[in-house]
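See below for the structure under consideration.
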Amino acid sequence: MARTHQLNVLAALDRAKTHRCHLAAAAIAGTGFFAGAYNLYSASLAYRLLGRVYFADPARPGEAGTLPPDAAAALNGAVLCGTFVGQLAFGWLGDSIGRRRAYGFALALVAVCPAASGLSFGRTAKAVVATLCFFRFWLGVGAGGGYPLSAAIVAEYANRRKRGAFLAAVYAMQGMGILLSNAVALVVSAAMTEADYVWRTILMVGAVPAALAFYLRMKLPETARYTALVAGDLRSAAADMSLVLCATIREQELDATVSGVDDKWGLFSAQFLRSHGLNLLATSSAWFLLDVTYYSQNILQKDLLGKLGWVSHSPVVTMSAVEEVSKLARALALIALCGAIPGYCFAIALIDVLGRRQLQIAGFLVMTLSMLTLAALYEHWTSHIAGFMVLYNVAFFFANVGPNTTTFVAPAELFPARLRCTCHRIAAASGRAGAVLGSFGFFPKKGADGGQYAAGIGTRNEVFVLAGTNFLGMLMTLFIPETRGTSLEVLSKEVIYEAVEDAACN
């Protein structure tokens, strides 16, 4: 049964005013998350150029080369599978060897693989795609590892009043990564005329923020919650946090009969399932259902950008490859500025005011209604592009205000310290499974003759399906408890060590 008091060091973290250590932890985790997002989302620009450079048919000089669907599937599948593996592997490592050490390994992959991707070997299309698949897979492993590790680091450093805002700010760096990838593409395409150099440079720039995050992470010690509750070293936890909080925190070593150390029951044990099974099911299901929609947005984006005239779907060459990627980057940056970035900003402002649960329910509800409105009169909206763009941006604005942020936050708060990264990795990997379904479930399929690609069930019906997944996500959110303003140890139902005297300095 849980004690009524916390360890001094954990109570000090919960009560602390916003301090430079909180900002440092958020900056380090945010920079790593930013690097992962840049590298994942810059791929669409690079692949556009890859098709023009390596897949143009010499027999048809008037037609622009495009990346074949099977090559696109291989490249996207490699990075999605990599992130899935990374979330599972690094989530386990974070609980086994510590958040700080595991995060260093993940950041090293994110720093090395973009540079290697830009230097992909071979001169033939197959060789370039094959080496890109290899490096993008390992990039995905590192980027995927950043999800559970950055979430655990920030949650365990933050005070309980502003924990949601700090976690949301870290996740918002995904939006900034998307924006920067488009800005870099604009700058590089303006400075270079050789398409083969442009896509390589766009990818290689992604190594810079990851290397910076790797360096910065050495400035912070391991989180006190890992050191005290997982490693069991109370004195080191108190000493580390005394330094970062500029406070004197005294913590005595307590024996097991006094401290109330809980049984080390494991994942999926009967005790875990009674205490946390529903939370894990609900958070994982909600993240899965969100990502089915979030990674299916290309089925709407292709019509939106084409109708606006920002990209051309014509096989006839009407602009150079560099001009085409410049226009695409400008269009994607505008979409990010209209929907993603404002949504993340509102999430940071509201998450500790309204709470995670309300934001997630509201986000899924608005997404459901927007998708239903689009699907019901899809032909009408494609002819009235202003209305199409408004509905599209409303859906993804509320996605970022709500479930796209909150599905990242809740799993970092609900589970015991020794299983925090493990449970977050399961929820995140469930989301990645939804991303795979969203990316490939509506993907064109080869016909029986192996040559033509079938259209699938049609865009209108696909949008109806997405409305259904959003509605199910809203229902699953009802089973997720509110975590706003509550200590992690109370939320996770951990046995809390009895407190002893503490003192703080100015």
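Bear in mind that the values here come from a model prediction, so they are computed numbers and not experimental data.
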Strictly distance-based, threshold 3.5 Å: is any side-chain N or O of R99 a donor or acceptor partner for the main-chain N or O of G94?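 Yes; judged by distance alone, with no hydrogens or angles, the pair exists.
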Answer with yes or no whether the side chains of [Y] and [X] bring together a donor and an acceptor at under 3.5 Å.
X	Y	answer
R274	Q271	yes
N400	Y294	yes
W92	D95	no

Residues in side chain to side chain donor-acceptor pair (under 3.5 Å) contact with T469, at least two apart in sequence or another chain: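 With sequence neighbours excluded, T469 shows a side chain to side chain donor-acceptor pair (under 3.5 Å) to T293, given in chain and number order.
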What's the shortest heavy-atom distance between [X] and [Y], and which atoms?
X	Y	result
N39	A35	ND2-O, 2.7 Å
A29	V154	CB-CG2, 3.6 Å
V401	F346	CG2-CB, 3.8 Å

Taking salt bridge (Lys or Arg N to Asp or Glu O under 4.0 Å) as the definition, give me every residue that meets it alongside [X], ordered by chain and number, with sequence neighbours left out.
X	result
D291	none
R420	E156
R432	none

Which pairs pass side-chain hydrogen bond (donor to acceptor under 3.5 Å, both in side chains) with one or both residues in residues 175-187, sequence neighbours excluded?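 Residue pairs with at least one partner in residues 175-187: there are none.
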Rounded to the nearest 0.5 Å, how far apart are CG of L186 and CG of L180?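 So the CG of L186 and the CG of L180 are separated by 10.5 Å.
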Just jot down the ring-ring contact (aromatic ring centres under 6.0 Å, His included) partners of F34, sequence neighbours excluded, or say none.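 Counting only residues at least two positions away or on another chain, F34 forms no ring-ring contact (aromatic ring centres under 6.0 Å, His included).
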Hey, mind stepping through Q174 and N404 against side chain to side chain contact (heavy atoms under 4.5 Å, CB included) and telling me if it holds? CA-CA 11 Å; Q174 177 173 272; N404 194 38; 3.6 Å; yes
What is the ring orientation for F33 with Y171, classed by angle as parallel under 30°, tilted 30 to 60°, or perpendicular over 60°?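 Geometry flag for Y171 against F33: tilted rings.
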Can you tell me how the ring of Y392 sits relative to the ring of F396, calling it parallel under 30°, perpendicular over 60° and tilted otherwise?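 Geometry flag for F396 against Y392: tilted rings.
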Counting C-beta onward and ignoring hydrogens, is there a side-chain heavy-atom pair between S189 and I202 closer than 4.5 Å?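 Of all side-chain heavy-atom pairs linking I202 with S189, none is under 4.5 Å.
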Of the options W287, F90, Y147, which is the one that meets H424 in a ring-ring contact (aromatic ring centres under 6.0 Å, His included)?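 Answer after filtering W287, F90, Y147: W287.
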